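The structure appears below as structure tokens.
So you know, we letter chains A, B, ... as the sequences are listed, proteins then strands, and number each from 1. Quick caveat, the model's predicted, so the values are computed rather than measured. We use all heavy atoms of the structure for the numbers below, so side chains are in, but hydrogens, waters and symmetry mates are not.
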Amino acid sequence: MAIQAVRGMKDLLPPEAPKWRFIEATAREVFGSFGFSEIRTPILERTELFARSIGEETDIVSKEMYTFEDRSGDSLTMRPEATAGVVRAFLENKLYAVPGPHKLCTIGPMFRHERPQKGRLRQFHQLDCEILDDAGPQGDAELLVMAAHLLERLGVRQVTLVLNSLGCPECRPVFKQQLQDYFAGRQGGLCEDCRRRLATNPLRVLDCKQEGCKEISLGAPLISGSWCESCGEHFDQVKRLLTQSSVTFETDPKLVRGLDYYTRTAFEFKTTQLGAQDAVGGGGRYDGLVEALGGPATPAIGFALGVERLALLLEDRPEWQQGPSLFIAALGDEPRDWAFGAAQELRRAGIWVEMSAAATSLKAQMRRANKLGASRVLIVGGEELKAGIAPLKDMANGEQEDLPLDQIVDRLKAAGA
RNA sequence: GUGGCUAUAGCUCAGUUUGGUUAGAGCGCCAGGUUGUGGCCCUGGAGGCCGUGGGUUCAAGUCCCACUAGCCACCCCA
């Protein structure tokens with residue numbers, strides 16, 4: 001076989017492209033109305049950035065990154081998520097010099113070396129939003145309301161917002177210790193992975209899908225019991241604001257997210273429509289990340305939505321299949337020359353015009369016009385050219401009218417083409 | 001990274017069990033049925049290194065192995 005695309009990297013073909021444009025355009029519109037500015041950061045970053053922000057122990061960093069040495073010997077990585085790069089750009093360009101909050105969004109490809117399946121690619125695309133320098137619960141709520149609003153605008157149904165709070169540096173260690181104490185006596189029933197997680201990240205044990213682990217987790221302490229006063233208050237406020245905004249949600253005290261930098265609010269938008277790939281989007285608060293990357297203490301929160309997964313949930317719409325406003329069917333050499341010129345003139349007026357370059361029968365040209373979805377066909381032969389009047393056929397109802405050739409532009413503009 | 005299923009025309013799939021003439025269908029495509037009129041209908045036509053490479057055999061789309069890719073589950077996540 002000839003050269004194939006790299007595994008897990010897909011071509012976006014013309015029939016699918018309008019859906020993507022719709023998703024991206026709607027997202028930009030919604031993000032814009034919430035005051036988000038676009039930022040575009042490089043796909044390549046120093047490996048260190050991801051190792052330090054996402055966490056060395058996470059699956060992403062430990063086994064999923066596209067990492068390589070460039071020609072100067074620097075270790076570079078193709079971004080597996082957007083937040084780290086955005087935060088890096090925020091610091092490097094000293095965007096914090098202006099008072100916050102800073103609302104930034106970005107749309108683009110991410111890369112993770114995983115085993116591909118439906119809704120999971122090695123190059124995939126995210127709609128990503130971050131609010132930097134915002135500590136209050138209204139920041140969390142605003143972001144979630146915006147995401148819910150976008151899903152609604154897109155017409156994506158059957159998506160549930162699942163919420164949890166992971167606590168802060170104040171209360172999470174207490175909970176971690178409680179968990180470790182609880183599981184310590186029950187290690188025997190845990191899977192191999194979980195026994196390892198117990199030391200590194202005991203919260204993940206709660207998230208394990210193995211039967212034995214699930215059973216043991218049932219009796220485990222819940223993080224909701226360990227929240228410090230301010231974390232509990234923060235979470236209550238977020239929930240209150242969501243309810244006030246009519247955003248429905250569920251809470252799940254076992255929801256844990258894979259990235260180390262999350263604090264307090266963590267969330268996922270889940271669907272039952274995509275099999276094992278049930279997350280359409282996710283995110284959370286990361287109050288410590290900016291400081292950990294060497295910046296000023298800057299509380300922040302963000303989310304990402306997967307474009308491919310959204311596309312899978314969207315039906316095609318008829319308005320995405322628009323055809324040309326006019327097809328010129330020319331019969332004979334002279335009419336074809338005339339049509340070529342007329343087409344350019346109409347196009348200059350912003351009208352989508354097609355014609356066929358080859359000297360084929362009228363029947364073949366009509367078939368082609370029909371296939372392209374042309375709204376009208378102008379039929380021009382030698383007689384019409386001489387008379388300066390040609391039949392214009394409406395392809396929807398089959399009706400034909402005689403139109404003076406010098407009035408085409410006006411006629412089409414009047415028809416809203 | 002682990003396990004399972006799959007790969008035949010542009011698309012969806014028969015044919016593989018029990019190896020044996022020119023590998024089929026539907027849809028799509030092209031042309032004709034109308035000296036210059038699309039969609040529906042009828043007729044005809046084009047289009048296939050049967051994923052790639054190796055092996056078994058007189059003979060492989062069919063059996064065996066490897067590779068590649070897709071799908072499903074695990075893992076994890078968008």
| message | Rounded to whole Å, please give me the gap between CG in A:Leu312 and P in B:rC71. | response | 10 Å
| message | Mind checking if A:Leu121 touches a base, just sugar-phosphate, or nothing, with heavy atoms under 4.0 Å? | response | base
| said: What's the gap between B:rA7 and B:rC65 when it is taken at their P atoms, as a whole Å value? | reply: 15 Å
| query | Does any nucleotide pair with B:rU17 by Watson-Crick or G-U wobble geometry, both distances under 3.5 Å, and what is it? | reply | none
| said: Please compare A:Glu64 and A:Pro116 by the position of their nearest nucleotide in RNA chain B and report the one closer to 5'. | reply: A:Pro116
| C1'-based separation of B:rU52 from B:rA69 [nearest Å] | 10 Å
| remark: Between CD of A:Gln277 and P of B:rC77 the distance, given in whole Å, is 12 Å
| query | When only distance counts, do a donor and an acceptor, one from the side chain of A:Arg115 and one from the base of B:rG70, lie under 3.5 Å apart? | reply | no
| query | Watson-Crick or G-U wobble partner for B:rA23, using a 3.5 Å limit on both distances? | reply | none
| field | Distance-only donor-acceptor test, A:Arg309 side-chain atoms vs B:rC77 base atoms, 3.5 Å | value | yes
| task | Run the numbers on A:Gln117 and A:Gln277 for side-chain hydrogen bond (donor to acceptor under 3.5 Å, both in side chains), then give the verdict. | result | CA-CA 9 Å; A:Gln117 45 184 285; A:Gln277 275 61 251; 3.2 Å; yes
| query | Could you state the NZ-C1' distance from A:Lys63 to B:rC75, rounded to the nearest angstrom? | reply | 5 Å
| field | salt bridge (charged side-chain N to carboxylate O under 4.0 Å, His left out) between A:Glu38 and A:Arg40, intermediate numbers included | value | CA-CA 7 Å; A:Glu38 186 172 5; A:Arg40 301 192 194 190; 3.0 Å; yes
| request: Rounded to the nearest angstrom, tell me the gap between atom CE in A:Met65 and atom C1' in B:rC77. | output: 15 Å
| remark: Mate of B:rG45 across any strand shown (Watson-Crick or G-U wobble, both atom pairs under 3.5 Å) is B:rC29
| task | Could you tell me whether the side chain of A:Arg112 and the main chain of A:Pro80 form a donor-acceptor pair under 3.5 Å? | result | yes
| task | For the side chain of A:Asp59, starting at C-beta, report the closest nucleotide among B:rC72, B:rA78, B:rC76. | result | B:rC76
| request: Could you work out the separation of B:rG28 and B:rU37 based on their C1' atoms and round it to a whole Å? | output: 23 Å
| message | Mind checking if A:Ala276 touches a base, just sugar-phosphate, or nothing, with heavy atoms under 4.0 Å? | response | base
| field | Over 12 non-hydrogen atoms of neighbours within 6.0 angstrom of CZ in A:Arg368 | value | no
| task | Measure the shortest side-chain to side-chain distance between A:His125 and A:Ile107 over non-hydrogen atoms and say whether it is less than 4.5 angstrom. | result | no
| request: Starting from C1' on B:rC72, measure out to CG on A:Asp278 and report it in whole angstrom. | output: 15 Å
| Check: A:Val353 main-chain N/O paired with A:Arg347 side-chain donor or acceptor under 3.5 Å | yes
| Would you say the base of B:rA78 and the side-chain of A:Glu268 have a donor-acceptor pair closer than 3.5 Å? | no
| Contact letters for nucleotides 35-46 of chain B, in which S counts primed atoms plus P, OP1 and OP2 and B counts the base, heavy atoms under 4.0 Å | -BBBB-------
| message | Need the pair for B:rA66. Rule: Watson-Crick or G-U wobble, both distances under 3.5 Å, any strand; none if unpaired. | response | B:rU52
| said: Categorize A:Ala329 for me: base, sugar-phosphate, or nothing, with a 4.0 angstrom heavy-atom threshold over every strand shown. | reply: nothing
| task | Taking only heavy atoms on the protein side, list every residue of residues 7-16 of chain A lying under 4.0 Å from any atom of RNA chain B, sorted numerically. | result | A:Arg7, A:Gly8
| task | Quick one: pull up CG in A:Leu412 and CZ in A:Arg376 and give me the separation to the nearest 0.5 Å. | result | 5.5 Å
| If you measure from the Lys or Arg side-chain nitrogens to the Asp or Glu carboxylate oxygens, is any gap between A:Lys254 and A:Asp252 under 4.0 Å? | no
| request: Pick base, sugar-phosphate or nothing for A:Gln365, based on heavy-atom distances below 4.0 Å to the nucleic acid. | output: nothing
| message | Classify the ring geometry of A:Phe22 against A:Trp320: parallel below 30°, tilted from 30° to 60°, perpendicular beyond 60°. | response | tilted
| request: Specify the separation, in whole Å, of atom CD1 of A:Ile60 and atom P of B:rA78. | output: 6 Å
| task | Sticking with atom C1', work out how far B:rG4 lies from B:rC41, rounded to a whole angstrom. | result | 47 Å
| message | Distance check needed: B:rC76 C1' versus A:Arg122 CZ, whole Å only. | response | 14 Å
| request: Take atom CD of A:Gln117 and atom C1' of B:rC5, then tell me their distance rounded to the nearest Å. | output: 13 Å
| Now, which nucleotide makes the Watson-Crick or G-U wobble pair with B:rG1, with each of the two distances under 3.5 Å? | B:rC74
| Considering only the C1' atoms, how many Å lie between B:rG20 and B:rC27, rounded to the nearest integer? | 32 Å
| task | Give a yes or no on whether the backbone of A:Phe34 and the side-chain of A:Lys103 come within a donor-acceptor separation of less than 3.5 Å. | result | yes
| field | Gap in Å between the two P atoms, one belonging to B:rU8 and one to B:rG15, rounded | value | 13 Å
| request: State whether the side chain of A:Trp352 and the backbone N or O of A:Gly323 hold a donor-acceptor pair below 3.5 Å, judged by distance alone. | output: no
| message | For the CG atom of A:Asn370 and the CD atom of A:Gln365, what is their distance to the nearest 0.5 Å? | response | 13.5 Å
| Along RNA chain B (nearest heavy atom to each residue), the more 5'-positioned of A:His113 and A:Glu81 | A:His113
| Side chain A:Arg120 and base B:rC76 donor-acceptor under 3.5 Å | yes
| query | How far, in whole Å, is B:rC75 from B:rG3 if one measures between their C1' atoms? | reply | 12 Å
| query | How far, in whole Å, is B:rC63 from B:rA59 if one measures between their C1' atoms? | reply | 13 Å
